[in-house]
Amino acid sequence: MNLHDKLGTDLAAINRLLRSVVETDSDLPRPSVVRDSVLKLIDAGGKRLRPLMVIVGSRYGKEMNDSLVLRTAVMLEYLHMASLVHDDIIDQSDMRRGEPTLHAATDIRTAVHVGNYMIARAMEWAAGKPEHTQPAEAPLPELREEDAYRLAELAAMVTELCMGEYDQLHNRFNYDMTLEQYLSKTRFKTALFMAHCLKAGADAAQADPDTAQLLFDFGESLGMAFQIQDDLLDFTHTRETIGKPAGADLRSGNVTLPVIFALEDPSLAPSIRQLDAHASSDVFGEVVSRIAGSPAIPKCRALARQYGEQACRIMDQLQGHPAQGDLRILAEYFLQ
Amino acid sequence: MDMNLLQDTIAMLQQHIDAGTEIELTDMDGAPVQDIANLLNAYELAYSRKMTVLACCMLIHAAITRHKELAVRDNSNLTRSILDGDYLTGLLYRLAVKRKEWKLLSRLLPFHKRVQLALLKDPSPDRLFRELKHEIDAYLKRSA
């Protein structure tokens with residue numbers, strides 16, 4: 001069973017709203033490279049994890065405001081999709097989910113502006129007047145100013161995402177990167193976004209502030225565990241299973257947790273430290289294999305487990321709430 | 001020319017920019033920004049409000065400029081340009097929220113969106129900065 005089915009959410013309705021953001025933009029010619037590109041990104045699919053987190057967060061609220069929850073969910077998914085468009089350029093990734101990435105299909109300048117368009121349009125749509133937001137089936141009511149501020153504050157999260165990327169940029173092939181630096185980067189790059197999604201849903205549905213904060217903390221721990229697991233995949237899976245060569249992060253200079261732990265091994269450290277942008281693919285491949293077979297991997301798993309357990313302890317503090325089952329489904333999904 | 005407004009606004013913005021970004025607002029004394037500063041001085045507004053409006057315009061100007069300078073063959077510089085533009089855009093939202101300028105932001109959002117569409121057709125942003133001045137003028141007239 002899919003995650004959205006388990007959570008009882010209508011993924012098709014979310015996808016229709018995502019499309020309507022672009023389709024109702026009167027400033028956008030049709031056809032145009034921007035319109036076609038955004039619709040293609042939406043149609044490429046995805047699990048819509050961020051909207052689902054917003055919706056689960058909203059179920060902890062006292063007063064369900066479907067309109068605001070959906071605006072928030074859609075706006076955050078656009079923010080996420082736009083950040084992926086820019087990340088793919090930065091990471092020089094030409095493929096995503098088996099399809100050419102936007103900059104590969106068009107060019108870098110186009111992809112940068114499409115990403116920018118997506119953020120500005122999503123915010124305009126989410127905070128707009130009903131006539132500017134009309135999805136065919138259900139026009140959204142006008143937004144209160146305090147809710148508009150809340151949405152703008154969420155859009156400001158771009159600065160936090162950037163801080164994670166700046167950290168990564170400043171630490172390319174930096175083998176002296178500390179565990180604390182890695183955790184800080186991971187928090188900015190991944191964990192805070194997940195935390196904000198849950199809290200934004202809770203806030204949109206008038207959850208009490210303590211509950212909203214617990215959901216934020218839960219999302220942050222879950223996000224840390226999720227990113228560490230993702231960093232592990234880069235070493236433990238092959239090109240066939242993750243769609244990129246094993247060790248792709250390290251090859252691009254991105255020093256992740258398995259590398260940091262592997263550097264503690266005196267027999268491995270010199271081989272890792274010799275790697276730079278000019279090292280051959282074969283040399284990278286050999287070092288990546290050695291890291292994959294080293295004690296660094298179970299050590300990473302243990303740290304991911306610690307964050308997972310931390311998330312579960314926070315979840316336990318929300319025990320007794322009717323939405324608890326949904327939160328548990330999310331936790332199981334991310335921590336599997 | 002009121003250089004104080006320009007300099008005070010740049011100093012205020014620089015305080016909001018995380019040192020880890022290494023962004024320096026060095027290109028903020030050109031004609032487009034000065035034109036908007038002059039426009040603001042023609043209105044009876046509190047000095048702090050003038051600074052906020054000018055700061056939002058500076059952030060849009062700086063973000064557009066960074067995203068226009070894309071060194072496609074140098075990944076480090078390309079990354080920096082993309083991140084700088086994204087960060088400055090995010091800061092626009094943050095500043096507008098902090099200074100309670102939703103109406104200004106809601107005016108700038110469609111403009112910022114249209115800029116992206118326009119830049120795909122014509123990479124020269126000069127015309128767009130003139131439009132930004134008109135947007136601010138219309139906003140100030142309406143809120144006066």
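All heavy atoms count here, side chains included; hydrogens, waters and symmetry mates do not. A, B, ... follow the sequence lines: proteins, then strands. Residue 1 opens every chain.
Of the residues considered (B:Ser76, B:Ala96, B:Ser106, B:Ser81), B:Ser76 shows the highest number of contacts with chain A, using heavy-atom pairs under 4.5 Å. In terms of heavy-atom pairs under 4.5 Å with chain A, the best-connected choice from B:Val72, B:Leu70, B:Asp86, B:Ile82 is B:Asp86. Per-residue counts of heavy-atom pairs under 4.5 Å with chain B were compared for A:Thr159, A:Leu154, A:Leu169; the largest is that of A:Thr159. Of the listed residues (A:Met157, A:Arg172, A:Glu145), the one with the most heavy-atom contacts under 4.5 Å to chain B is A:Arg172.
In this structure, a donor-acceptor pair under 3.5 Å is absent between the side chains of A:Asp276 and A:Tyr175. Between the side chains of A:Tyr117 and A:Asp25, a donor-acceptor pair is found at a separation under 3.5 Å. Side-chain contact of B:Tyr47 with B:Asp8: a donor-acceptor pair under 3.5 Å is present, judged by distance alone. Residues B:His67 and B:Gln116 have side chains that never bring a donor and an acceptor to within less than 3.5 angstrom of each other.
For B:Glu69, no part lies near chain A; criterion is any non-hydrogen pair under 4.5 Å. With a threshold of 4.5 angstrom between heavy atoms, B:Ile64 does not approach chain A through any atom at all. Both the backbone and the side chain of B:Arg94 come within contact range of chain A, judged by heavy atoms closer than 4.5 Å. In this structure, chain B has heavy atoms under 4.5 Å from both the backbone and the side chain of A:Met123. The contact between A:His170 and chain B is made entirely by side chain atoms (from C-beta outward), counting heavy-atom distances below 4.5 Å. Heavy atoms closer than 4.5 Å to chain A are found nowhere in B:Thr89, neither backbone nor side chain. Contact annotation for B:Leu120: both backbone and side-chain heavy atoms come within less than 4.5 Å of a heavy atom of chain A. Residue contact with chain A, scored on non-hydrogen atoms closer than 4.5 Å, is absent for B:Lys68. In this structure, chain A has a heavy atom under 4.5 Å from the side chain of B:Leu117, while its backbone stays farther away.
Looking only at distances, no side-chain donor or acceptor of A:Arg50 sits under 3.5 Å from a matching main-chain atom of A:His80. Judged by distance alone, the side chain of A:Thr110 and the main-chain N or O of A:Thr106 form no donor-acceptor pair under 3.5 Å.
Annotation: cation-pi geometry not satisfied between B:Lys50 and B:Tyr43 (NZ/CZ under 6.0 angstrom from ring centroid, within 45° of ring axis).
The distance from the CG atom of A:Asn65 to the CG atom of A:Asp147 is 7.0 Å, given to the nearest 0.5 Å.
Heavy atoms only, all atoms of each residue included: A:Ala195 and A:Phe216 are closest at CB-O, 3.1 Å.
Salt bridge status for B:Arg80 with B:Glu22: present, with a side-chain N to carboxylate O gap under 4.0 Å.
If you run side-chain hydrogen bond (donor to acceptor under 3.5 Å, both in side chains) between A:Lys185 and each of A:Asn171, A:Asn254, A:Asp167, A:Thr190, only A:Asn254 comes through. Tested against A:Leu161 for a side-chain contact (heavy atoms from CB on, under 4.5 Å), the candidates A:Phe188, A:Tyr166, A:Phe193 yield a single pass: A:Phe193.
Using a 4.5 Å heavy-atom cut-off against chain B, the contacting residues of residues 84-93 of chain A are A:His86, A:Ile89, A:Ile90, A:Gln92.
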